[in-house]
Amino acid sequence: MTKEIIRSDKVTPPLAPLSPAVRSNGFVFVSGQPAFFDDRQIAENDFDTQMHQVMANVQALLEAAGSSLDKIVKANVILKNASDFARMNEIYRSYFPDGNYPARTTIEAAMGNPLFLLEIECTAEA
């Protein structure tokens, strides 16, 4: 079994000791993606913009690994505020064909950076 670290020049590299994504054994494992764009910029207090940026980051990493959003088999969504659940679902739904959604868990949790309103991690077929 080989392990390949996946990075994308479209995604801000993490400062934490983790890989943005890893391809191994036919799957791509994407670490929790925050809403960073450019050089650690973030749209403060704007859930919609952060949600779209998180999805763009996930998509960029999957594409760098030779995968795509439609190959996600499991996603975990971490929300800072459970009150954003309905809006998250509206936006999330727009990234997948109707009825062809990955398995998913959504939780509410404190974020390592107080400006993050959400993170998404996923596993996809390579």
Side-chain angles (χ1 to χ4, degrees):
M1 176 170 77
T2 61
K3 177 175 97 171
E4 179 185 357
I5 306 304
I6 305 296
R7 294 178 178 83
S8 170
D9 59 2
K10 297 178 183 177
V11 177
T12 303
L15 296 176
L18 59 91
S19 296
V22 174
R23 182 173 41 214
S24 181
N25 205 27
F27 289 95
V28 180
F29 303 89
V30 178
S31 293
Q33 290 302 300
F36 282 138
F37 63 94
D38 294 333
D39 187 21
R40 302 214 170 310
Q41 302 300 305
I42 193 160
E44 293 184 41
N45 302 312
D46 185 340
F47 183 83
D48 286 19
T49 299
Q50 285 199 27
M51 178 68 187
H52 287 294
Q53 186 62 52
V54 164
M55 292 302 292
N57 293 347
V58 168
Q59 184 172 17
L61 287 166
L62 289 172
E63 288 174 357
S67 189
S68 61
L69 291 176
D70 64 321
K71 292 184 177 183
I72 296 174
V73 293
K74 176 68 166 97
N76 294 313
V77 178
I78 302 98
L79 297 174
K80 181 178 180 178
N81 302 305
S83 60
D84 290 323
F85 182 74
R87 186 64 186 139
M88 180 275 299
N89 273 328
E90 288 178 46
I91 296 169
Y92 183 88
R93 180 178 282 116
S94 72
Y95 285 88
F96 301 95
D98 192 34
N100 191 22
Y101 308 114
R104 189 185 86 197
T105 300
T106 304
I107 62 169
E108 177 186 35
M111 297 287 159
N113 181 326
L115 298 179
F116 296 166
L117 299 178
L118 76 151
E119 284 191 12
I120 295 178
E121 66 177 16
C122 67
T123 302
E125 296 172 321

For the atom pair [atom1] ([X]) and [atom2] ([Y]), what is the distance rounded to the nearest 0.5 Å?
| X | Y | atom1 | atom2 | value |
| --- | --- | --- | --- | --- |
| Glu44 | Thr49 | CD | OG1 | 12.0 Å |
| Asp70 | Asn100 | CG | CG | 7.5 Å |
| Leu115 | Asn45 | CG | CG | 7.5 Å |
| Ile107 | Leu118 | CD1 | CG | 12.0 Å |
| Asn57 | Thr12 | CG | OG1 | 7.0 Å |
| Ile78 | Ile120 | CD1 | CD1 | 8.0 Å |

(request) Measure across Phe37 and Ala43 and return the closest heavy-atom pair with its distance rounded to 0.1 Å. (result)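 Shortest heavy-atom separation between Phe37 and Ala43 comes out as CE2-N, 3.8 Å.
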(request) Search all heavy atoms of Ala21 against all heavy atoms of Val28 and return the closest pair with its distance. (result)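 Heavy atoms only, the tightest pair is CB-CG1, 4.4 Å.
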(request) Just jot down the side chain to side chain donor-acceptor pair (under 3.5 Å) partners of Ser94, sequence neighbours excluded, or say none. (result) none
(message) Checking Glu125 now: which residues fulfil side chain to side chain donor-acceptor pair (under 3.5 Å) with it, not counting sequence neighbours?
(response) none
(request) Among Ser31, Ser8, Ser67, find the residue that satisfies the side-chain contact (heavy atoms from CB on, under 4.5 Å) test when tested with Leu61. (result)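 That would be Ser8; it is the only one of Ser31, Ser8, Ser67 passing the side-chain contact (heavy atoms from CB on, under 4.5 Å) with Leu61.
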Please name all residues satisfying ring pair (Phe, Tyr, Trp, His ring centres under 6.0 Å) with [X], sequence neighbours left out, ordered by chain then number.
| X | result |
| --- | --- |
| Phe47 | none |
| Phe85 | none |
| Phe36 | Phe116 |

(message) Please give the remaining members of the hydrophobic cluster of Val73, linking ILVMFWY side chains under 4.5 Å, ordered by chain and number.
(response)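 Its cluster mates, by chain and number, are Phe27, Phe29.
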(request) Could you tell me which residues satisfy side chain to side chain contact (heavy atoms under 4.5 Å, CB included) with Arg7, sequence neighbours excluded, listed by chain and number? (result)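 For Arg7 the side chain to side chain contact (heavy atoms under 4.5 Å, CB included) partners, ignoring immediate neighbours, are Ile5, Pro20.
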(message) Going by side chain to side chain contact (heavy atoms under 4.5 Å, CB included), name the residues that satisfy it together with Leu15, two or more places apart in sequence or in a different chain.
(response) Arg40
(message) Enumerate the salt bridge (charged side-chain N to carboxylate O under 4.0 Å, His left out) contacts for residues 23-37, please, sequence neighbours excluded, ordered by first and then second residue.
(response)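 Of all non-adjacent pairs touching residues 23-37, those that pass salt bridge (charged side-chain N to carboxylate O under 4.0 Å, His left out) are Glu4-Arg23.
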(request) Could you note down all residue pairs passing salt bridge (charged side-chain N to carboxylate O under 4.0 Å, His left out) where residues 85-97 supplies at least one of them, sequence neighbours left out? (result) Asp48-Arg87, Arg87-Glu90
Could you state whether [X] and [Y] fall into the same hydrophobic cluster, counting links through intermediate Ile, Leu, Val, Met, Phe, Trp or Tyr residues with side-chain heavy atoms under 4.5 angstrom apart?
| X | Y | result |
| --- | --- | --- |
| Val11 | Ile42 | no |
| Met51 | Val58 | yes |
| Leu69 | Ile91 | yes |

(message) Checking Gln50 against Asp46: is there a side-chain donor and acceptor pair closer than 3.5 Å?
(response) no
(message) With a 6.0 Å cut-off on the ring centroids, do His52 and Tyr95 count as close?
(response)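 Between His52 and Tyr95, the centre distance is under 6.0 Å.
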(request) Could you walk me through whether Ile72 and Cys122 pass side-chain contact (heavy atoms from CB on, under 4.5 Å), step by step? (result) CA-CA 7 Å; Ile72 296 174; Cys122 67; 3.9 Å; yes
(message) Show every ring pair (Phe, Tyr, Trp, His ring centres under 6.0 Å) that has at least one partner inside residues 54-80, sequence neighbours left out.
(response) none
(message) Test side-chain contact (heavy atoms from CB on, under 4.5 Å) on Leu79 and Leu117; report intermediate values, then the result.
(response) CA-CA 6 Å; Leu79 297 174; Leu117 299 178; over 6 Å; no
(request) Scan for side-chain hydrogen bond (donor to acceptor under 3.5 Å, both in side chains) pairs involving residues 101-122, sequence neighbours excluded, and state none if there are none. (result)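 For residues 101-122, and leaving out neighbouring residues, the side-chain hydrogen bond (donor to acceptor under 3.5 Å, both in side chains) pairs sorted by first residue read Lys74-Thr105, Asn76-Glu121, Asn89-Arg104, Asp98-Tyr101, Arg104-Thr106.
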